[in-house]
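The structure appears right after this line, and notes come after that.
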Protein chains: 2
Amino acid sequence: MNTYTEENYLKAIFKYSNKTKEGVSTNVIADELDTKASSVTDMIKKLSDKKLVIYKKYKGVTLTNEGRSIAVSVIRKHRLWEVFLVEKLDFKWDEVHDIAEQLEHIHSEELVKRLDTFLDNPKYDPHGDPIPDEYGNLQHHKDITLSDLAIGKKGVIVGVKEHSTSYLKYLESINLVLGAEIKVNNIVDFDHSMSISIGKNTVNISNQASKNLIVKKL
Amino acid sequence: MNTYTEENYLKAIFKYSNKTKEGVSTNVIADELDTKASSVTDMIKKLSDKKLVIYKKYKGVTLTNEGRSIAVSVIRKHRLWEVFLVEKLDFKWDEVHDIAEQLEHIHSEELVKRLDTFLDNPKYDPHGDPIPDEYGNLQHHKDITLSDLAIGKKGVIVGVKEHSTSYLKYLESINLVLGAEIKVNNIVDFDHSMSISIGKNTVNISNQASKNLIVKKL
DNA sequence: AACTATTTTTAGACTTGCCTAAAAATTAAA
DNA sequence: TTTAATTTTTAGGCAAGTCTAAAAATAGTT
């Protein structure tokens with residue numbers, strides 16, 4: 001059984017593990033977890049002793065299969081609980097993160113299995129992030145963002161890459177929610193801001209905003 | 001914000017706080033929490049500093065209003081989550097304790113409020129224990145147990161005083177579940193074991209079993 | 001290739017919650 | 001009411017997870 005803290009470290013390492021074999025640096029982890037690099041070094045040694053990560057001094061850290069498996073299971077729980085909070089308890093998509101951050105550490109395989117069933121085996125969480133299946137398989141979105149669409153092209157919003165409350169509230173206020181169909185009317189050369197149509201409405205959004213919206217081309 | 005551990009101490013103190021003003025002894029708390037009296041003394045000092053308990057050396061400990069309020073809110077969460085697990089996720093009444101023990105420490109007032117609504121404001125948990133309302137009001141069962149019923153009397157099972165898996169499984173196996181109507185056929189003078197009717201069936205149960213069943217007289 | 005800047009690790013220390021062993025206070029008994 | 005038994009507290013220590021400051025390693029620059 002791993003502690004709350006260990007699970008958060010594994011999740012952070014997973015988040016910054018890219019396909020290339022490069023280890024995740026202690027500074028990156030420290031930044032993600034709001035702690036200090038020296039604390040990260042300590043914890044990594046402990047995780048290494050437990051064979052959850054592979055660690056070579058000054059070379060960063062990578063997850064073992066077991067470490068990855070734990071990280072993914074925590075992510076699975078986080079996302080399932082988010083679905084529960086939004087679908088069953090009527091929370092808004094910008095309100096669920098902190099609560100799910102706690103719920104993801106509840107230990108009970110049976111609970112997760114039953115929750116998944118209760119929620120009808122959802123494939124995506126309220127932000128469009130894919131929910132790993134019970135075997136730890138996790139498929140990623142193709143990474144096309146609204147900012148990649150050319151003038152005249154249409155798409156559907158399928159996810160967000162940034163989860164801050166202010167961003168999510170903003171998106172909701174202009175009806176840029178999951179499933180919304182949009183069309184790119186114009187792109188300003190200077191700052192890459194866009195004019196887009198959402199249903200009958202037209203809005204202008206910055207590049208920063210469009211870069212963080214994952215779309216499927218239509 | 002209080003830690004997981006602090007909340008468990010408050011819950012334990014609440015459990016053994018009786019109406020009389022006597023403080024709860026450190027040994028009783030140590031026993032309840034599976035720890036040592038010396039550890040309890042340490043924690044009690046900390047809770048006392050935080051004004052959650054009143055502590056006089058060698059005289060035991062009592063909850064302040066605030067300490068009681070936190071204890072009751074943890075109990076409220078525990079019991080609401082038990083209802084969720086049984087009613088929504090189809091867990092058996094003997095399977096929910098350990099999971100609720102974790103869920104009770106999730107911090108979010110809004111979550112509790114919405115969970116309560118989602119569950120239709122239940123008044124009792126799956127073991128018949130009353131659920132405190134959101135203001136911390138908690139009414140106890142009148143403490144009549146099956147062992148108090150005389151020969152020929154009828155009653156309804158409304159709760160259990162012992163939550164062990166083996167006891168709960170046993171009760172279920174003989175259909176002694178919440179809401180079951182029973183009648184006392186006979187009581188053996190020697191060991192106070194009882195013959196009782198449940199629907200069309202007749203079973204014999206020990207005094208130890210009947211002492212832990214809370215009934216309402218019919 | 002040598003110096004500088006940056007990153008990472010080590011060393012030592014703090015807090016929380018726990019322990020054991022011993023001392024002190026309380027309670028019970030003769 | 002003095003002694004004996006029990007309960008409770010104190011003292012000192014340990015592991016987890018964190019910190020700061022300093023040392024070591026790596027990376028970048030000229």
Side-chain angles (χ1 to χ4, degrees), chain A residues 1-13 15-18 20-63 67 70-71 74 101-102 104-105 107, chain B residues 1-13 15-18 20-63 67 70-71 74 101-102 104-105 107:
Chain A
M1 192 75 16
N2 308 285
T3 67
Y4 185 106
T5 310
E6 287 169 343
E7 290 184 348
N8 282 336
Y9 272 90
L10 293 173
K11 210 170 40 133
I13 297 164
K15 179 169 174 181
Y16 290 98
S17 295
N18 43 33
T20 77
K21 303 260 162 71
E22 278 168 21
V24 182
S25 88
T26 50
N27 262 330
V28 165
I29 298 167
D31 209 62
E32 172 72 13
L33 296 178
D34 226 341
T35 181
K36 293 289 147 66
S38 55
S39 308
V40 174
T41 304
D42 284 351
M43 176 56 91
I44 278 172
K45 284 177 184 164
K46 189 177 159 201
L47 294 173
S48 182
D49 289 346
K50 294 179 95 175
K51 309 250 189 268
L52 299 177
V53 302
I54 293 165
Y55 170 56
K56 290 193 210 89
K57 276 189 195 174
Y58 297 99
K59 298 295 177 193
V61 67
T62 47
L63 293 170
I70 293 166
V74 173
E101 206 68 11
Q102 298 178 64
E104 71 186 7
H105 300 292
H107 291 284
Chain B
M1 192 77 13
N2 308 285
T3 66
Y4 186 104
T5 312
E6 288 169 344
E7 290 184 349
N8 282 336
Y9 270 90
L10 294 173
K11 209 169 41 133
I13 297 164
K15 178 169 174 180
Y16 290 98
S17 295
N18 42 35
T20 77
K21 305 262 163 71
E22 278 167 21
V24 182
S25 88
T26 50
N27 262 331
V28 165
I29 298 167
D31 209 63
E32 172 72 14
L33 296 177
D34 225 343
T35 181
K36 293 289 147 69
S38 54
S39 307
V40 174
T41 304
D42 284 351
M43 177 57 90
I44 278 172
K45 284 178 184 164
K46 189 177 159 199
L47 293 173
S48 182
D49 289 346
K50 294 180 94 174
K51 309 250 189 270
L52 299 176
V53 302
I54 293 164
Y55 170 56
K56 290 194 209 86
K57 276 189 195 175
Y58 296 101
K59 296 298 177 191
V61 67
T62 47
L63 293 170
I70 293 166
V74 172
E101 206 68 10
Q102 299 178 64
E104 72 187 5
H105 301 291
H107 291 285

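Please read these numbers as outputs of a predicted model, since none were measured by experiment. Values reported hereafter were calculated over all heavy atoms of this structure, with side chains retained and with hydrogens, waters and symmetry mates removed. Here is how names work: the chains are called A, B, and so on, in the same order as the sequence lines, proteins then strands, and each is numbered from 1.
- Side chain of B/S17 to backbone of B/I13: a donor-acceptor contact under 3.5 angstrom is found.
- Between the side chain of B/S38 and the base of C/dT20, a donor-acceptor pair under 3.5 Å is found.
- At least one donor-acceptor pair under 3.5 Å links the side chain of B/T41 to the backbone N or O of B/A37.
- Separating the NZ atom of A/K57 from the C1' atom of D/dA24 is a distance of 10 Å, rounded to the nearest angstrom.
- The residue A/Y55 sits close only to the backbone: its heavy atoms come under 4.0 Å of sugar-phosphate atoms, none of a base.
- A salt bridge links A/E6 with A/K50: at least one charged nitrogen is closer than 4.0 Å to a carboxylate oxygen.
- The phosphate of C/dT8 has OP1 or OP2 within less than 4.0 Å of a side-chain N or O from A/S25.
- In this entry the distance linking NZ of A/K45 with P of D/dA15 reads 16 Å, nearest Å.
- Rounded to whole angstrom, the span from the NZ atom of B/K36 across to the C1' atom of D/dG13 amounts to 15 Å.
- Summarising the geometry, the separation between NZ on A/K56 and P on C/dT9 is reported as 13 Å, rounded to the nearest angstrom.
- Here B/E32 does not pair with B/K11 in a salt bridge; the nearest charged N to carboxylate O distance is not below 4.0 Å.
- Mapped onto DNA chain D by nearest heavy atom, A/K59 and B/V28 fall at different nucleotides, with B/V28 at the one closer to the 5' end.
- In this model, the phosphate group of D/dC19 is approached by a side-chain N or O of A/T35 to a distance below 4.0 Å at OP1 or OP2.
- Heavy atoms of A/T26 sit under 4.0 angstrom from primed sugar atoms or phosphate atoms, though from no base atom.
- For the pair A/Y58 and B/N27, both in contact range of DNA chain D, the more 5′-proximal nearest nucleotide belongs to B/N27.
- With hydrogens and angles disregarded, a donor-acceptor distance shorter than 3.5 Å links the side chain of B/Q102 to the backbone of A/H107.
- Here C/dC18 presents its P atom at 12 Å from CD1 of B/I29, a figure rounded to the nearest Å.
- If you measure from atom CG of B/D31 to atom C1' of C/dC18, you get 17 Å, rounded to the nearest angstrom.
- A/L33 places its CG atom 10 Å from the P atom of D/dC19, with the value rounded to the nearest Å.
- The side chain of B/T41 sits closest to D/dT10 out of C/dT10, D/dT18, D/dT10.
- Across the protein-nucleic acid pair, A/D42 atom CG and D/dA21 atom P stand 17 Å apart, rounded to whole Å.
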